[in-house]
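Atoms within each ligand, like the ligands themselves, are counted from 1 in listed order.
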Amino acid sequence: MGKQIVVAIDGHSSCGKSTMAKWLAGQVGYIYIDTGAMYRMVTLYALTHGFLTRSAEDNSITIDEAGLEKALADVDVSFAFDEETRLPLALLNGKVVEKEIRGMAVSECVSPIAALPFVRTRLTQQQQHMGEKKGIVMDGRDIGTAVFPKAELKVFVTASARVRAQRRYDELKAKEPDLPIELSDILRNVEERDYIDSHRELNPLCQADDAVVLDNSDMTIEQQNQFLLNLFRSRTEA
Ligand code: DC
């Protein structure tokens, strides 16, 4: 076996980062951490505990930052491993919330929550702790720049907003064919999130200087997985 490394996979929303990160982790026996799920869990908590409200009139979001910051001490965000599906399950205060965190309600509010410095500081520390022993594949927006700036392999994944919106739409429809969603709403959400994620003050989404860029707009999942595995081998077998 080659040396144990940290693999940091960053990029835009809905560009297949988690699919490839999860696959690589399974192939090489590494731990996989979806940091987006961690921000989504905090968002779900804020929504269900009244720290985040949306105006019915104009959809604007109000966050009780002081209240959320105080409450965060009691929020436990973690993962369990489902032996049957071989996939991680997101746990918010011990409860599986995989389905709840992937819905539109959370998707539409997660970027403002992820822009809060006290949320980022807390989750970044937890992520760094998770990767202390290496042997980990982590995906997110700031893994190669802020969480593990010394990661041995950094990949920056992207694809056009339209391709990403279509993939997200297909994914949601495959799970729930009667879901009342429009492709145009998904595209708007993808573009909005890109903007907020790239323009926030603390640790915005940006490409690390030493990251390998992967634009997978015209790639199949198999092609991108193979690309990643080859990169991984080149860094661990060198
Ligand atoms: O990867 P995702 O779509 O599940 O991420 C959800 C949101 O969380 C996304 O809008 C940006 C934010 N995020 C972040 O700011 N930093 C990370 N490391 C991971 C996600």
Side-chain angles (χ1 to χ4, degrees), residues 6-22 25 32-47 52 61 63 68 75 77 79 87-90 92 97-131 136-149 151 154-159 161 163-169 171-172 175 185-208 211 214 216:
V6 170
V7 182
I9 303 193
D10 290 305
H12 291 105
S13 62
S14 307
C15 63
K17 292 185 304 290
S18 359
T19 307
M20 64 198 275
K22 225 178 280 174
Y32 164 65
I33 300 292
D34 171 0
T35 63
M38 298 171 77
Y39 288 96
R40 285 172 181 271
M41 283 193 261
V42 173
T43 306
L44 179 65
Y45 180 88
L47 269 168
L52 193 162
I61 289 170
I63 302 173
L68 180 60
V75 180
V77 157
F79 295 95
L87 292 174
L89 293 171
L92 175 58
V97 289
E98 265 308 316
K99 186 154 184 272
E100 293 86 334
I101 62 169
R102 310 287 169 194
M104 276 303 263
V106 168
S107 294
E108 289 188 339
C109 303
V110 63
S111 284
I113 290 285
L116 297 172
F118 61 87
V119 172
R120 298 207 73 78
T121 306
R122 161 95 190 265
L123 295 187
T124 299
Q125 281 169 356
Q126 192 181 344
Q127 290 152 10
Q128 286 170 335
H129 183 65
M130 288 166 156
I136 194 162
V137 183
M138 198 172 268
D139 82 51
R141 302 294 188 288
D142 59 345
I143 311 305
T145 50
V147 181
F148 292 113
K154 299 178 187 177
V155 183
F156 189 85
V157 196
T158 189
V163 166
R164 289 184 282 132
Q166 184 71 54
R167 286 180 187 159
R168 180 104 192 90
Y169 178 85
E171 201 177 271
L172 288 168
K175 274 189 209 147
D185 289 336
I186 307 255
L187 180 60
R188 186 179 41 78
N189 177 247
V190 163
E191 287 174 340
E192 261 172 30
R193 282 206 283 155
D194 282 356
Y195 186 85
I196 305 177
D197 294 346
S198 315
H199 290 82
R200 67 172 171 242
E201 228 161 87
L202 188 64
N203 303 338
L205 166 66
C206 71
Q207 186 190 319
L214 170 62
N216 64 15

- If we ignore angles and hydrogens, is there a donor and acceptor under 3.5 Å between the side chains of Ser111 and Asp197? yes
- Query: With no hydrogens and no angle check, do the side chains of Ser198 and Arg141 hold a donor and an acceptor under 3.5 Å apart?
  - Reply: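 Side chains of Ser198 and Arg141: no pair found under 3.5 Å.
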- Message: Tell me whether Gln127 reaches ligand 1 (any heavy atom closer than 4.0 angstrom to a ligand atom).
- Response: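 No, Gln127 has no heavy atoms under 4.0 Å from ligand 1.
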Which residue and non-hydrogen atom of the protein lie closest to [atom], and at what distance in Å?
atom                    : value
atom 2 (P) of ligand 1  : Arg141 NH2, 3.5 Å
atom 12 (C) of ligand 1 : Ala114 CB, 3.7 Å
atom 11 (C) of ligand 1 : Asp197 OD2, 3.3 Å

- For the residue pair Cys109 and Leu47, what are the closest heavy atoms and their distance? SG-CD2, 4.5 Å
- Set of ring pair (Phe, Tyr, Trp, His ring centres under 6.0 Å) partners for Tyr32, sequence neighbours left out: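 Tyr32 satisfies ring pair (Phe, Tyr, Trp, His ring centres under 6.0 Å) with no other residue.
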Taking distance alone, with N or O pairs closer than 3.5 Å, would you say [X] contacts ligand 1?
X      : result
Arg120 : yes
Asp34  : no
Ser111 : yes
Arg40  : yes

- Message: Surrounding CZ of Phe118 (heavy atoms of other residues, nucleotides or ligands, distance under 6.0 Å), is the total greater than 12?
- Response: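 Yes, enclosed.
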- Message: At less than 4.0 angstrom from any non-hydrogen atom of Thr35, what atoms of ligand 1 do you find?
- Response: 17 (C), 18 (N), 19 (C)
- Query: Which atoms of ligand 1 sit under 4.0 Å from any heavy atom of Gly140?
  - Reply: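 Close to Gly140: 17 (C), 18 (N), 19 (C).
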- Message: I'd like to know if Asp194 pairs up with Arg164 as an ion pair, taking the criterion as any Lys NZ or Arg NE/NH1/NH2 lying under 4.0 Å from an Asp or Glu carboxylate oxygen.
- Response: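 Judged by the 4.0 Å cut-off on N to carboxylate O distance, Asp194 and Arg164 do form a salt bridge.
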- Item | Salt bridge flag under 4.0 Å for residues Glu192 and Arg188 | yes
- Heavy atom under 4.0 Å from ligand 1: found in Arg200's side chain, backbone, both, or neither?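 For Arg200, the contact with ligand 1 is made by the side chain alone.
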- Is ligand 1 under 4.0 Å from a heavy atom in the side chain of Arg193, in the backbone, in both, or in neither?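 Side chain only; the backbone of Arg193 stays clear of ligand 1.
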- Message: Which residues pass the side-chain contact (heavy atoms from CB on, under 4.5 Å) test with Ala208, not counting sequence neighbours?
- Response: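 Ala208: side-chain contact (heavy atoms from CB on, under 4.5 Å) contacts with Thr145, Lys154, Asp210, Ala211.
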